[in-house]
Peer 1: 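Once you've had a glance at the structure underneath, I'll fire off some questions.
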Protein chains: 2
Amino acid sequence: MSQTPKQSAERPVPTSADVARLAGVSRATVSYVLNNTSAVRISEPTRRRVREAAEELGYVPHAAARSLRAGHTRMVLLPSAHVPVGPLYNRFFNELQRALRRLDYTVVQHGSLGLDGDDAARAWAELRPVAVVSLGEVALTPYGVDVLKRSGAKAVITLGPRRVQGAHSLVMDQSEIGSCAVTHLVGRGRRAIGVVMPREPGLELFSDPRLEGARRAAAAGGARIEPLPLLYDEESAAELAARWRGLGLDAVYAYNDEYAMLLMRALQDAGIQVPGETAVVGADNLLLGRLLRPRLSTVRIDMVSGQRLAELVDRVVRDPGAERERHGLMGARALHRESS
Amino acid sequence: MSQTPKQSAERPVPTSADVARLAGVSRATVSYVLNNTSAVRISEPTRRRVREAAEELGYVPHAAARSLRAGHTRMVLLPSAHVPVGPLYNRFFNELQRALRRLDYTVVQHGSLGLDGDDAARAWAELRPVAVVSLGEVALTPYGVDVLKRSGAKAVITLGPRRVQGAHSLVMDQSEIGSCAVTHLVGRGRRAIGVVMPREPGLELFSDPRLEGARRAAAAGGARIEPLPLLYDEESAAELAARWRGLGLDAVYAYNDEYAMLLMRALQDAGIQVPGETAVVGADNLLLGRLLRPRLSTVRIDMVSGQRLAELVDRVVRDPGAERERHGLMGARALHRESS
DNA sequence: TTGAAAGCGATACCAG
DNA sequence: CTGGTATCGCTTTCAA
């Protein structure tokens, strides 16, 4: 209790000046040595002394001071409101992270949970990131994009269902997924198709366009669409299954595989034959869907690779204004198994 | 092409000096107004002019400059190597993020994929976070903790299977989970118990202690433990199922529900009765496990609440050295369903 | 009530 | 080859 109560708390953080003092050189020399500045020759003994001093003090450069001086950062900011779910997303995210790191960027996710779009944009702008890659979890407005660009962001890239004015929008057309699922069902002779809409908040950004795509495909195929709100729990699924026959549907596209598995089980428990009476299709191509009987039909989603996105970020950072937006970075293909 | 090719690129980022100039006041006044400094009275008209000027220029304060001047940040850094999976983790993460934000911290995840523990610690230290909460994805060494503390971090908190010297370690005793699962199986008369060990990299931090807990429980109950490496794919599961009878096991604890579901299906496909011939237990209490037949028995894990962890972070930041490490922030309970 | 100025830590120019 | 020194943007005394 009386040993070193504040000592460690008060111990000042070592700066390059401390390193310089300990090594008996100037701060400039410290900077040259630690940054391997090639424009300047420093004698080997001096280099060693500096490095040893830095090591001894546990010196770590101060990123804020450095970027203040440099006038820019190498930070790529990825806003994250929710932790996204799904193996697809995870793989993509990890790829992106790794690729950006290889390009010598510092990848930082900013927890923006509970911030509205413009507040969030301002919070990000304070960090002066060189690029912002928004995965569509926080709705970025044209105003928000402007704030970021004015704060020095060279690249503002959105990856989501909608274009955002001013940003490099990589439109991931979610409607393609719904369209794909329903086209598949129509092709197998179904004409009255339910579309599960998760009632959990935060998923509308994905589920709305998927529904819209389903509608489009249904219209083209002469089928009827019925939106079906559903919570991700057994009670909600059982309740829906109980009134299933009254709905007069012969198929259902269930947003994704998890909802599809939930609903399929509930339907089976209610005595409804799958796929005989009702066909079921999910999306995401989860391994677990193959474990059910019947095996779950699904829509496989091909996401843009993290590597490619990282390269785009780098290109835009180096030459903003060179590239304009792209589309169709997401593909979707129905996989027929047994449930449809 | 010839419109404004570099103009926007070169357009300088507005600073508080620009705001001051536009509003016709000094930079000090701008600072007072925008930070609502209560120690100083500024006339209402001046305040308005300053705010309008800031708005017009799209001024956003420079976090680096501010923290450089202040000598500290309000940044809580959460290292993230992999995006963690599982609803439990997600909920916890979101809770933590939200609670920290309410306490006025800036939550930042640092993508540390592919950095070794000490390099990672140095990279984090450059950002001068006031606290680091490591969820055990990156192995933090005592040296790394020291680097962080010397760089001014008031709180270094690890949440993982092991204690880390120097840090506030919240030991989440993963072994409890394995122990719980095996005790359950032993209690139901099983004596030869397989333990699935995921072969995917990065999971050893969890799977090793779980195995160790399983061993402990087995020893206490007079049972035998057999580690079973498994990849998360159908081939690997089928291969394991094919040689199942040769292993002479009457039960298996399958790391978590996903591996359990995978293996259970493979066993059933190989004609092995579950739970008759072999009992199966997972962990995580996933909803999907309840959809299988037989319903999957599991271990429910009670994680520390994000709210509580956020409060701990805040306490340690305010008074480092006041609290020492805690244990047992994770509970585990077996849930018997039908597969065991 | 407002303004001038010092200084946070690192870097890069220019002199020595 | 090495050392002063001005500078980045912001906050905060201290004076006016």
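So you know, we letter chains A, B, ... as the sequences are listed, proteins then strands, and number each from 1.
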Peer 1: Roughly how far, to the nearest 0.5 Å, is CG of Leu309(A) from CD of Glu95(A)?
Peer 2: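 Rounded to the nearest 0.5 Å, the CD-CG separation comes out at 10.0 Å.
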Peer 1: Check Gly144(A) against Asp118(A) and note the closest heavy-atom contact, atom names and distance.
Peer 2: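 Taking Gly144(A) first and Asp118(A) second, the nearest heavy atoms are N-OD1, 3.8 Å.
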Peer 1: Do Arg102(A) and Gln97(A) have side-chain N/O donor and acceptor atoms under 3.5 Å apart?
Peer 2: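 Gln97(A) and Arg102(A) do not have a side-chain donor-acceptor pair below 3.5 Å.
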Peer 1: Going by heavy atoms in the side chains, are Ile157(B) and Val313(B) under 4.5 Å from each other?
Peer 2: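 SC-SC contact between Ile157(B) and Val313(B) confirmed.
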Peer 1: Go through DNA chain D in 5' to 3' direction and return only the first and the last nucleotide with some atom under 4.0 Å of chain A's heavy atoms.
Peer 2: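 The contact span of chain A on DNA chain D goes from dC1(D) to dG9(D).
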Peer 1: Students often get this wrong, so: under 4.0 angstrom with heavy atoms, is Ser67(B) touching a base, only sugar-phosphate, or nothing?
Peer 2: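 Counting heavy atoms under 4.0 Å across all strands, no contact is made by Ser67(B).
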Peer 1: When all nucleic acid strands are considered with a 4.0 Å heavy-atom cut-off, which category describes Val25(A): base, sugar-phosphate, or nothing?
Peer 2: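 Sugar-phosphate, no base atom in range.
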Peer 1: Of all heavy-atom pairs between Val164(A) and Pro142(A), which one has the smallest distance, and what is that distance?
Peer 2: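 Looks like CG1-N, 4.2 Å.
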Peer 1: For residues Trp124(A) and Ser112(A), is any side-chain donor paired with an opposing acceptor at under 3.5 Å?
Peer 2: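 Side-chain D/A pair, Trp124(A) to Ser112(A): present.
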Peer 1: Pair Tyr59(A), Arg122(B) - check side-chain hydrogen bond (donor to acceptor under 3.5 Å, both in side chains), show working.
Peer 2: CA-CA 9 Å; Tyr59(A) 169 73; Arg122(B) 270 186 291 269; over 6 Å; no
Peer 1: For Val60(B) versus Arg128(A), what's the shortest heavy-atom pair and its separation?
Peer 2: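 Closest approach of Val60(B) to Arg128(A): O-NH2, 2.7 Å.
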Peer 1: Could you tell me whether the phosphate oxygens of dG3(C), OP1 or OP2, come under 4.0 Å of any side-chain nitrogen or oxygen in Thr29(B)?
Peer 2: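 Yes, Thr29(B) has a side-chain N/O under 4.0 Å of OP1/OP2 on dG3(C).
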Peer 1: In B/S/- notation, 5' to 3', how is nucleotides 9-16 of chain C contacted by protein heavy atoms closer than 4.0 Å?
Peer 2: BBBBB---
